[in-house]
Structures are given as structure tokens and as C-alpha cells.
Amino acid sequence: MNKVKTLVIRTAGSNCDYETVHAFKTVGSEVELVHINQVVNKKTILNDFHILAIPGGFTYGDDISAGKVLANELKYKLKDQIQQFINNGKLIIGICNGFQVLVKAGLLPEINLHGGDQQVTLTENDPGKFEDRWIYLQPISQKCVFTKGMTEKVYYPIAHAEGKFVAKDQNVLKKLKMNDQVVFQYINPEGGSADYPWNPNGSVENIAGICDPTGRIFGLMPHPERYFHPTQHPRWTREGLKQEADGVKIFQNAVEYVLENFF
Amino acid sequence: MITKIEISSKSQSKDLSNLLLKTSIADLHIKTVTDIKNFQVFYLLGEISPSEINKICEELLVDLITQDYAINRSLEIEDNTMWNVEVTYNPGVMDPVEKSTLKGIRDMGIKTVSRIKTAKKYHLSGSLSEQEKQLIFDKILGNKVIQHIVQPDEEFFAEPAKYIFKRIEVDLMNVDDNRLMEISRDGQLFLNLAEMKTIQDYFKKSGRNPTDVELETMAQTWSEHCVHKTFRGLIDYDGELIDNLLKNTVMKVTEELNKPWCLSVFKDNAGVISFDENHDVCFKVETHNHPSALEPYGGANTGIGGVIRDPLGTGLGAKPIVNTDVFCFAPPDYPREKLPPGTLHPKRIFVGVHAGVRDYGNRMGIPTVNGALFFDESYVGNPLVFCGNVGLMKKNTTEKTVKKNDLIFTVGGRTGRDGIHGATFSSGELTTESEVVSSGAVQIGDPITEKKMVDTLLQARDRKLYTAITDCGAGGLSSAVGEICEEFGAAVNLEKVPLKYDGLTYTEIWISEAQERMVIIVPPENEKEILNLFESENVEATVIGTVTDTHQLQLFYEGTKVADLEMDFLHHGVPQLTRKAIWKKPEYEEPEMKPPENLTDSLKKILASWNVCSKEWVVRQYDHEVQGGSVLKPFVGVANDGPGDASIVRPVLDSNKGIIISNGCNPKFGLIDPYAMAASAIDEAIRQIIAVGGSLEKIALLDNFCWGNTNKPDRLGGLVRASLACYDIAKIYETPFISGKDSLNNEYQVGDTSIAIPPTLLISAISIMEDTTKAVSMDAKSPGNLIYILGDTKNEMGGSHYYETLNLKSNNVPMVDPISGKKIMEALSKATAAGLVLACHDCSEGGLAVAAAEMAFAGELGMKLDLTNVPSSDNLKRDDKLLFSESNSRFIVEIAPECQDQFESLMEGNPFGLIGKTTPGTKFEVIGLDKNKVINADIFELKEAWQKPLRW
């Protein structure tokens, strides 16, 4: 292995795979887009990769609840492989539907692939509908590998119906904060605490993304891969084209981490 | 063993859907409902242990953080103070949740659950009469076309009766004309007498009677929907004989313009134009009007699902990259008591159609980037739902090849009884009976099945495993196989077609319009590889027959031949219709009225009219950015909520080349003159492309005609005029048509009266933009800049929104002068390419005042305008008309003062006027001809008027 390699998993209803692959490729990773069936059939496949990405979409139609059926599949069919992947110090990112999958599979906020007792969830937006809009985020975590060095607020779009972050109880929330696992919080344009629409879904404590205690597993509802090119910004025609789009750093950080730790 | 699981949200009181239900029930004038709760219900068939049930609940079905559940009992106390009602799908209606849930349970290692049924349960507290309950179910909780209330003795898992094969012949040889028509009517064939007699003659010559499936195949293939009899027929237009209207107008433009970048026009499922050195793009727009009238969600759902399969079935297949949608409804505040019997309320249609398009498009991961909404009372019986899709193709894949012994495959979804008679049904008029008689034509879509199919087909395409592909749309396998094997012949074994459930007759299998299916032609040597590929993606693929060289369409069921039709007769035997067309311009008395005192109020009224008001509520719920190519979004400006013109998308992410998508539609003009309506639609669609920085160099158009009953000479006369306009205008703009579709007979029959829709032509346009970083948005950019109007403002108030708010009619409908329009657009394109244009907005609904106001509030800037310099060739001297005339080929443009000379010299020779400037602050002011202030408003006040109506 002499190149950073990313595996983007897809299945029925994955749909942000094209732009996620593009993002990782652009920052220098080799990328393979692989159907879950192939991952299940060839159990050693994960060994070939450093980064596992679960893209956005509506896997299995988001039937039952968003991301649930794929989460169930990972838990029951790939438990050991994923555990091994994590033990090897590798990286996992779940964006939007991918975040929902990570939470429901027991990969976030901490690894519990053996079923039962989910700590946090992502549920229906307070406005009760799917919305596509741009929001501001404050990076918080010092621990998360993917947001390393990010201190300024960023601007990403969200596009989901079930993105309201809820924790099982106050203790879970407290622990998340104590462990520096809250990665992104929704903020208003002035940088203050966000109400709707700046907190687009009613997430508790404005939480938009979290990581595991090691900082190597990261899930978020907003779409960094959709602000990867300057013309994706909704106001570039009035504010001008930015040198670098706000989403690039997330993917760069992942690749750099692998370069530093695996080569 | 059946296990029932009930699930409910822990915060029912905050559940918005309960609140919405309550409001909807109150809208029915039922005020007794005090509280509503809803529950998700699963029925599981199979032997499972209590611990397995617990596991299924706690790990799969229930989110324990937000939900509670109960097994084989009610979750909450049920007593007689409430109506406890459960709604489920009718047998045979596809419910994708059942499939996913079964998969989830199997993944957990539990194999004994064999079937699943879902239901939705409601508790409605408060006393309700039986009649009120029925009303609440019919109007709100369900749609009897697809759903019913669960009965105490409900058999959830009843096995459908097995089909016992019997070949059926229809006696056609020895019957008279009356009987022929009876056969057509009773069989819902929608064939006329001349057609029935042609079929009779064919079989007399063959010396035998047809089978039922042969007759059905004829009816499908010869339906208006599939063969466009009106457009291709003989029309006597006021003494002038037109042989094939389509060929003589819309298709003629394309032929005469002969653009080298038009790669495949009017022959495949979508029109194809070239994009870059590696790709082409194709575009198709279809209507799904009749199904959406009966079941708005399912109708629109399958409308978008269906049109996605058009680009997928074009050439060797395209990746779907953009959706568009345009709806025409009666106004959402239409009085309930005026509703014709058998129709759904327009607000319910609106909400249902919107949700249908949203859910399918979002789940498919295709951005919905462009669309429009029009409201007119005449759409009450016939809402129009236009769905469009753009696909990205590999270079040199526009041609299909079929040869003898190739295998015919169906791939994707299974075949059920859904959508039987869709093609013929959509070719007739809707009546009060339609919801009962034609309900089989309505279906619910399954976007995930379609998504899997697309993912797999594109891989098969890239591995060159098949040589031809087409969609299974209207007419089902009958149309798909019939068309793709037309030149050779086909032998199909109908018992091989995978079914959703038992009991389908061979005819039902053949004509079912079940969704999410495609037909591909595979050389025998690729059979194994393609089967493996589809299996690896959990998508079904089945060989159902072979290509022959018999030039016959032959169908078999378990070895018995059930059809044997000449391909040539099937495809070319339909007798050409001869129809009379006349057109007389309606004469309205030209109103004489003094301008209203307060034009600021007039402006606000227009901004708040259903057609003009903000559609953000609609668009926000569409994913318009997935696939990452979004360059210019539907909403732009400081707060991302100003109404953009065309949208721009970069389909190839490492390139700045893009496509521009727009549409034009002016039904209000159609009631005055369909010629002007069509011309305006073309002008508007093109204008929007120019407004965002495009040019006339490479714009292709699609036509979608939606008309009333064209058997009536006046309706057909209008259609002829609209088609003539298509030729005249597109020819001069040099914008070829590449594809199109028509939906005729949009009339709603109530007793003796017929409500016809306004003649409606939707023009969709697509253009290629070399460098999308040159795009321009409509929001005003900074204070102190110059505001120009380009184009001529005339006394053309007919069909204007200004007159509509005053309830006035006029004969002076906006016309198009394409020679002048072209010059203006060319000059403007030069200015945008030179980077001079800071903002540009298409001047359309509501005229100059609305366009300028939208630019101001989108940019959160003031504007001060003066009407003295508005160019008007017919010397308009009224402030109100200058402000609100909807004359075509006009733009409002923002230019920096230092670019004034350069811009004006580019515009030389065109009508244009410097009408004012942007200002700091938030005042929107207009000075009239006599130097008085005629409009004086705060931009946020105008924005509020514009946003309020659809802030649902």
C-alpha cells in the first residue's frame, strides 16, 4: 500500500456517492465505490482501505426510519470487519444518511456493535418536512481528526427530513461534551445560538455532528461534499468565488491523517 | 401466526402531522375532533418466538429514544369516546416498507417471517357521525383508489386466486358496427369506429378472430398517448389541409435549422444534444395528468418515476442528472362548495402532487432544479403535472442495435395488476365516474427499486452488455417490446415475466403498466454476465423472449400461442384521422378604466397573486443540490430566497461546463390566443437562459401540449395556431425542438357540461454553457448602480396579472417579435460575456414593476426608478400599463456606472432605457410620467406580500 485508499459504500438508495467519491479523489485519495453486497461477500476487502465513507441518500428508502435498514445490515453482517477496521486505527465518516447509519448501527457516539441501548438518535425535523438549505456551523472539537485546524465558522447545505439530534438522556449529552465529541454546532450568521432556520431541524444543543471518543469516527448531517467547488455557494454571484470551498478541509484532513499515521 | 406491532412517537402532542390532520378536518367543517394521535402498525406473518419479536422491535422497528411500542395489544387505551381507525393499502398496491422490513428481519438472521403488511392507525377523540367518519377517510386519511379502512375480519395475507390459463378469443368477424363500438367501450379500449373496422378487416383477411390480448395490444399501440393520432392526422384548418401537424411545424423547425449538435431528435425516448467531448445530454418532459387527478401522490410519484426512465431508455441509456416539474392547478383557496362532483380539492391535489414529486426525486438522488406553478380555475377537473428529466450520456451511444436471436429481458420491478389501461385511459376524458372505473390506472411508485435498477443498468451499459434499451411506460411490455423489436419480430413467453403476486392473466401481464421496469436487448453470449451483475445488486433481470426475423409479434403462455400480429400492421395500420379545425379570436370588450389611485397596492396584490408569489415552500422541500453540480440555484440573493430565472448545473464535477434549464408557460394568454401563448412560452423559456448568462448559440426546446378535447373543431383550431407559432418563433430564434409530448382530452365531464383546461403549452429549454463561472443571478448587487430595461413595452394587457387582479379581460395579448427579440438577446449575451452585467432578471409575470421589485428585495437594496425612459413603440402613456404590461423579450439589468458607455454601445440599435438606479436603504420608489411618485414601498414590505401566500 503506498496510496491513501477510501472505500465509499453504497447500496439501494445511496445517492451522494458521486460527489463524495469526487471529493476524496480531488484531495488525493484513491477511491472505490463498492456495493454493500460485495463488502459482505468479500470480508477482507476492508483491509485494503484506510477510510470508510458512508454517503448520503435514502438507503432502502429510509423505510422504518432513516438509515435503519443499512445500519442493521452493517451490525449483523459486518460487525467483526468493522471492529477490526476501527482497531487498526482507520477512519470512518458518515454524511447525512451515513451519519444516521453510524448512530443506528452503534458506531457513534461510541462503539457498541452488539445491539441494544442506542445512545443518541436522529429523528424527524421539528418542521416536519424535508428541507434543503444552507446553514452555518461552528467547529468545536479539538479531537475530531476530520476537523483538525478548523476554527472559523463554515457554511454547508443540509438536505434531510430526519436530522434532529436527540440524546437518550442528559448524561449522554454531558458525556459527549466532556469527551469533546461534539464536532459541529449550528450557529446563526452572527455566530450566536441558532434557532430555526439556522438550526434547521431542532437538534438538541444545536448539535450537527459528533465523533467517537477517539475522534476517528465522524458523522454529520450537513454536506461538506456539496460545498467543495466555489460555484456551489448559493451567493457566489454576489460575494465572488472563494479560493477554497468550506467543505474541502474535511476531506483533506482525513487524507493527511492517513498519510501521517500509515506511511 | 400473525404478530401485530404498534409504534408511536413519545411526543404525540408535538407531532406536526397530527396538527395538520386536525386543521384539515376543521376545513371540512367538522369541529368536534379535539385530539388526534397516530400509530405505525406492522403485521408480521410467520412463526416467531417472543424473544425474536422483542429483538425485531427493539433493534429494528422501534427507535427507543423517541418511540414506544406494544406487541399484540393497543399501545393506548381505546374507548368509545374516540374513533379508532386503521388505514391500509388495498391488496395489490405496492408498499415498499414491507420489502425493506422483511430484508431487515432476514439480515438479523430471522428467516421465519414470510410476509409483512403495514397500516396507519389513528385515534380521533370527539364524537363523529358515521357520515363524518366516511368524509374524513375519503378526504383526508386515505384515498379509496388505493387504500381502505381495516375491517375487524380483515385478511391481511389472503392468497390471491391462482390463475388458470384459458385462451380467450373475441368475436370480431361477424359483428356489426354497434357491437364493435360496444367491444371498444366495454374493454376500455378507447378505439373509434374507423379503427375498430380496420382491425376487423385485418382479422377477416387473416381468417380468424383476435384474442383478447391482440385487441388490447392494438388498443395500446394505437392510443392517442402512444401514437399521437391528432398531431399526425389530417387536419382541415379552415379549408387548408394539414397532413401531420407535428411534421409541418415543430419537427420542421429542427429539420430546417439542421444544427450539428442535435444528435437524436423525435425518435427516441428523449431528445439528445451534444455536451462535451465525452458526453451528450438528453432531455424529456412528460405529463401525468389523469392519474394525478385521481390519486395526486401516486400519480405525481409515478409521473416523475416514469420520466426518469425516458433518458434511461434513450440511446444506450443516460444517467439521470436533473429533474424539473411544472404544475397547473385550480387555486388552493377554491371554494369547496363549487367543486365538481368526483374531483379532489385543488389544495389536496397540490400538496399530494408536490409530495409525490418530492419523495420520488429526493429518494432517487436527482436534483429538482427548475419548475413553475400556475393557477387557474379551469384546471379544477384536470390538474396538469409536467415532470422532466435530463440525462447524461456517454458519447456515441445514441443508437440501439437489435438482431435476430438476441434475448429480450425485463429488469427492475415486478409486474402487477397496477396501471392496467393507463395509456388508453389517459387518452380519454375524465368524468365523474373515472375514480371508480379507471382506478386500476393509478399506482404508487417505488423509487428505491428504480434507483437500484438505474445503478445496475449504467454498469451494464458501461460494460456493453446490452445493445438496446427502452422503458416500460404507457402500454407496458406491449409498447416496449412492440417498439424495440418493430423491425424484426419478437417471441415472448408471458409466463416468464416475474409477478408481484399470482392471478394475473396473460393479457394483464402484457399490458400492465407496473412501474420501475425496463426492457433491454442482450446478445445471447452476454446472458450469464448480465444475470450475475443484476444479481449482485439485488435487482431482478429475466429473459422473457427472443428477437425473431418473422416480422410478427408473437406471444405465448406456457407454450400456447396467444397472439400473432404483423408488426407492420401494428405500427403503421392505424387509419389517419381527419379532423376539422377552426379558430376564431374571442372578442372581449376592451375595458376602459382609470388607473387605480394607489399603484403600490396594485404591485403588492400582483406579488401576492398565486402565480407570482414565492414558491419557496415548494422548492425548499426538493433536494436541488444532490450530485454536487449546482451552480445557480432556484433561489438566490442575500437571504437565498429571491426568485432566480433559469438554473445552472455542472454535471461533470471536474469541469466548469454546465447546462442551463428553464421553462416558459403562459396559460392565461391561451384563452385569448393560443398563437400568442405559444410564442410567449418560447420567448420566456429562452429569455430565462439569456438572463443567467446563456446565449442563443445552443438552445434546444421541448414542447408539451396540454389541450381540451381536440375532436371539437375550436379546440383543434387553437392547437394548430399554437403549433404554427412554434415554427415561426423557434425558426427565427434558431432554437430547434428535440422532443415533445401531448396530452389531449383534458376536459372534465359533469353531466352535460364539460370544463376544458386553458390551452396550455409548456416549453422547456436546455442550453450548454461553456463557462459556468460567468453566470449572472437576478439579485441587485450594490447601491449606486444603473438599472436598465431592455426591450419594448407595449399596450399588451391581455392575460396580464394586473388585469387579473382587477378582473378585466383584454384582447391585446402579448405578441413576440422574434427578429427584434433575437437582436436584444444577442446584445445582452455579449454584455454578460464581457462581464458587464451585475444582475439580470427576466421581465415576465407582473411586468417591469414585479421584476424590479424582486431584484431589489432579493439584493436587499433600495431602487429608484423613473418611467419616462421606458421605451414603448406604441407610445404607452399610462404609468400602470408601463409598470405591469407583460410584453415579451424584455429584461431588467443592473450595470455599474463605470460600464455605462460600454454597455450602451453594445445595446445600440435596440430598444432600451436607463430607468433608474439601486440605492442604499430599503426604499422601492417609482416616479411616474408626470413626475409624481407612483410606487413607494419598503422592500421588506413587498417581500412579505410576495412570501406570505405560500408560507404553509
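Proteins get letters first, then strands, A, B, ... in listed order; numbering begins at 1 in each.
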Visitor: Atom CG in Asn15(A), atom CG in Asn362(B): separation rounded to 0.5 Å?
Guide: 8.5 Å
Visitor: Looking at Asp63(A) and Arg363(B), is there a salt bridge between them, counting it only when a charged N and a carboxylate O are closer than 4.0 Å?
Guide: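 No, no charged N to carboxylate O under 4.0 Å.
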Visitor: From Lys129(A) NZ over to Leu20(B) CG, what is the distance, rounded to the nearest 0.5 angstrom?
Guide: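 Rounded to the nearest 0.5 Å, the NZ-CG separation comes out at 9.0 Å.
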Visitor: CG of Asp132(A) to CZ of Arg620(B): how many Å apart, nearest 0.5 Å?
Guide: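 Asp132(A) atom CG to Arg620(B) atom CZ measures 6.5 Å (nearest 0.5 Å).
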Visitor: Return the option, out of Met453(B), Lys14(B), Lys55(B), with the maximum number of heavy-atom pairs under 4.5 Å with chain A.
Guide: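 Counting heavy-atom pairs under 4.5 Å, the top option is Lys55(B).
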Visitor: Dump the intermediate steps for side-chain contact (heavy atoms from CB on, under 4.5 Å) on Asp654(B) and His22(A), then the final yes or no.
Guide: CA-CA 8 Å; Asp654(B) 44 23; His22(A) 172 78; 4.2 Å; yes
Visitor: Before you tell me yes or no, could you show the steps for Lys68(A) and Thr101(B) under side-chain contact (heavy atoms from CB on, under 4.5 Å), namely the whole-Å CA-CA distance, both residues' side-chain angles and the distance that decides it to 0.1 Å?
Guide: CA-CA 10 Å; Lys68(A) 191 71 184 239; Thr101(B) 308; over 6 Å; no
Visitor: A side-chain contact here means heavy atoms from C-beta on lying under 4.5 Å apart; do Glu537(B) and Arg10(A) qualify?
Guide: yes
Visitor: Do Lys103(B) and Val69(A) have side chains that get closer than 4.5 Å, going by heavy atoms?
Guide: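 When only atoms from C-beta onward are counted, Val69(A) and Lys103(B) do touch, with a gap below 4.5 Å.
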Visitor: Could you tell me if the side chain of Val626(B) sits less than 4.5 Å from the side chain of Cys16(A), heavy atoms only?
Guide: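 Sidechains of Val626(B) and Cys16(A): in contact.
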Visitor: Pick one of side chain, backbone, both or neither for Arg106(B), based on which atoms fall under 4.5 Å of a heavy atom in chain A.
Guide: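 Contact with chain A is absent: no heavy atom of Arg106(B) under 4.5 Å.
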Visitor: Classify the side-chain pair Arg133(A)/Asn640(B) by whether it contains a donor and acceptor separated by less than 3.5 Å.
Guide: no
Visitor: Report yes or no: does Asn72(A) contribute a side-chain atom to a donor-acceptor pair with the main-chain N or O of Leu60(B) at less than 3.5 Å?
Guide: no
Visitor: In terms of heavy-atom proximity below 4.5 Å to chain B, should Ala23(A) be classed as side chain, backbone, both, or neither?
Guide: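 No part of Ala23(A) comes within 4.5 Å of chain B.
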Visitor: Between Ala161(A), Gly61(A), Ala159(A), Pro189(A), who has the most heavy-atom pairs with chain B when the cutoff is under 4.5 Å?
Guide: Gly61(A)
Visitor: Taking Tyr622(B) for the side chain and Glu131(A) for the main chain, is one N or O donor matched with an acceptor at less than 3.5 Å?
Guide: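 Checked: no pair found.
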Visitor: Which of these, Asn656(B), Thr772(B), Val631(B), sits in a side-chain contact (heavy atoms from CB on, under 4.5 Å) with His229(A)?
Guide: Asn656(B)
Visitor: Would the number of heavy atoms belonging to other residues, nucleotides or ligands and lying under 6.0 Å from NZ of Lys10(B) be above 12?
Guide: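 Counting neighbours around NZ of Lys10(B), more than 12 heavy atoms of other residues, nucleotides or ligands fall under 6.0 Å, so yes.
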Visitor: For the interface with chain A, which of Gly637(B), Pro447(B), Gly109(B) has the highest count of heavy-atom pairs at distances below 4.5 Å?
Guide: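 Among Gly637(B), Pro447(B), Gly109(B), the one with the most close pairs to chain A is Gly637(B).
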Visitor: Can you tell me which portion of Gln119(A) sits under 4.5 Å from chain B's heavy atoms? Options are side chain, backbone, both or neither.
Guide: backbone
Visitor: Rounded to the nearest 0.5 Å, how far apart are CG of Asp17(A) and CG of Asp455(B)?
Guide: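 Atom-to-atom, Asp17(A):CG and Asp455(B):CG are 7.0 Å apart.
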Visitor: Most heavy-atom pairs under 4.5 angstrom with chain A, which of Leu632(B), Thr773(B), Val619(B), Asp107(B)?
Guide: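 Heavy-atom pair counts peak at Asp107(B).
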Visitor: Counting only non-hydrogen atoms closer than 4.5 Å, does Ser536(B) touch chain A with its backbone (N, CA, C, O), its side chain (CB onward), both, or neither?
Guide: backbone
Visitor: Among Thr118(B), Val62(B), Leu61(B), exactly one meets side-chain contact (heavy atoms from CB on, under 4.5 Å) together with Ile64(A). Which residue is that?
Guide: Leu61(B)
Visitor: Would you say Lys657(B) has more than 12 foreign heavy atoms packed within less than 6.0 Å of its NZ?
Guide: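 Yes, because the 6.0 Å sphere around NZ of Lys657(B) holds more than 12 heavy atoms from other groups.
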Visitor: Which bit of Lys77(A) is near chain B, if near means a heavy-atom gap under 4.5 Å: side chain, backbone, both or neither?
Guide: side chain
Visitor: Quick one about Glu59(B) and Tyr76(A) (side-chain donor to acceptor, distance below 3.5 Å, no hydrogens or angles considered), yes or no?
Guide: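 Yes, a side-chain donor-acceptor pair sits under 3.5 Å.
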Visitor: Against chain A, label Asp446(B) side chain, backbone, both or neither, depending on which of its atoms sit under 4.5 Å from a heavy atom there.
Guide: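 Neither part.
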Visitor: Which bit of Arg238(A) is near chain B, if near means a heavy-atom gap under 4.5 Å: side chain, backbone, both or neither?
Guide: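 When you check distances to chain B, atoms from both the backbone and side chain of Arg238(A) fall under 4.5 Å.
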Visitor: Counting only heavy atoms closer than 4.5 Å, note whether Gln459(B) contacts chain A via side chain, backbone, both or neither.
Guide: side chain
Visitor: So does Lys174(A) have more than 12 non-hydrogen atoms from other groups sitting under 6.0 Å from NZ?
Guide: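 Not buried by this count: 12 neighbours or fewer within 6.0 Å.
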Visitor: Between Ala12(A) and Ile448(B), which heavy-atom pair has the shortest distance, and what is it?
Guide: CB-CG2, 3.7 Å
Visitor: Is the CD atom of Gln83(A) crowded by more than 12 outside heavy atoms at less than 6.0 Å?
Guide: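 Counting neighbours around CD of Gln83(A), more than 12 heavy atoms of other residues, nucleotides or ligands fall under 6.0 Å, so yes.
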Visitor: Between the main-chain N or O of Ser14(A) and the side-chain N or O of Lys451(B), is there a donor-acceptor pair closer than 3.5 Å?
Guide: yes
Visitor: For His233(A), is it the side chain, the backbone, both or neither that has a heavy atom under 4.5 Å from a heavy atom of chain B?
Guide: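 The backbone, not the side chain.
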Visitor: Does the side chain of Thr121(A) pick up a donor-acceptor pair with the side chain of Asp63(B) at under 3.5 Å?
Guide: yes
Visitor: Could you tell me whether Lys781(B) and Glu239(A) have a side-chain N and a carboxylate O separated by less than 4.0 Å?
Guide: no
Visitor: Using a 4.5 angstrom heavy-atom cutoff, name the option from Tyr227(A), Trp134(A), Phe58(A) with the most pairs to chain B.
Guide: Phe58(A)
Visitor: Out of Lys168(A), His223(A), Gln232(A), which one racks up the most heavy-atom pairs below 4.5 Å with chain B?
Guide: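 Ranked by contacts with chain B, first place is Gln232(A).
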Visitor: About how many Å separate CG of Leu70(A) and OG of Ser100(B), when rounded to the nearest 0.5 Å?
Guide: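 Output value for this atom pair is 11.5 Å.
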Visitor: Drop me the distance from Asp779(B)'s CG to Thr237(A)'s OG1, to the nearest 0.5 angstrom.
Guide: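 Answer rounded to 0.5 Å: 5.0 Å.
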Visitor: Both conditions, 6.0 Å and 45 degrees, for the charged tip of Lys99(B) above the ring of Tyr60(A): are they met here?
Guide: no
Visitor: Quick check against the 3.5 Å criterion: does Gln118(A) have a side-chain atom that pairs as donor or acceptor with the backbone of Leu64(B)?
Guide: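 No, because the side chain of Gln118(A) does not come within donor-acceptor range (under 3.5 Å) of the backbone of Leu64(B).
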Visitor: With a 4.5 Å cut-off on heavy-atom pairs, point out which of Lys319(B), Glu450(B), Arg358(B) contacts chain A the most.
Guide: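 Greatest number of close heavy-atom pairs with chain A: Lys319(B).
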Visitor: Side chain, backbone, both or neither: which part of Asp126(A) has an atom under 4.5 Å from a heavy atom of chain B?
Guide: backbone
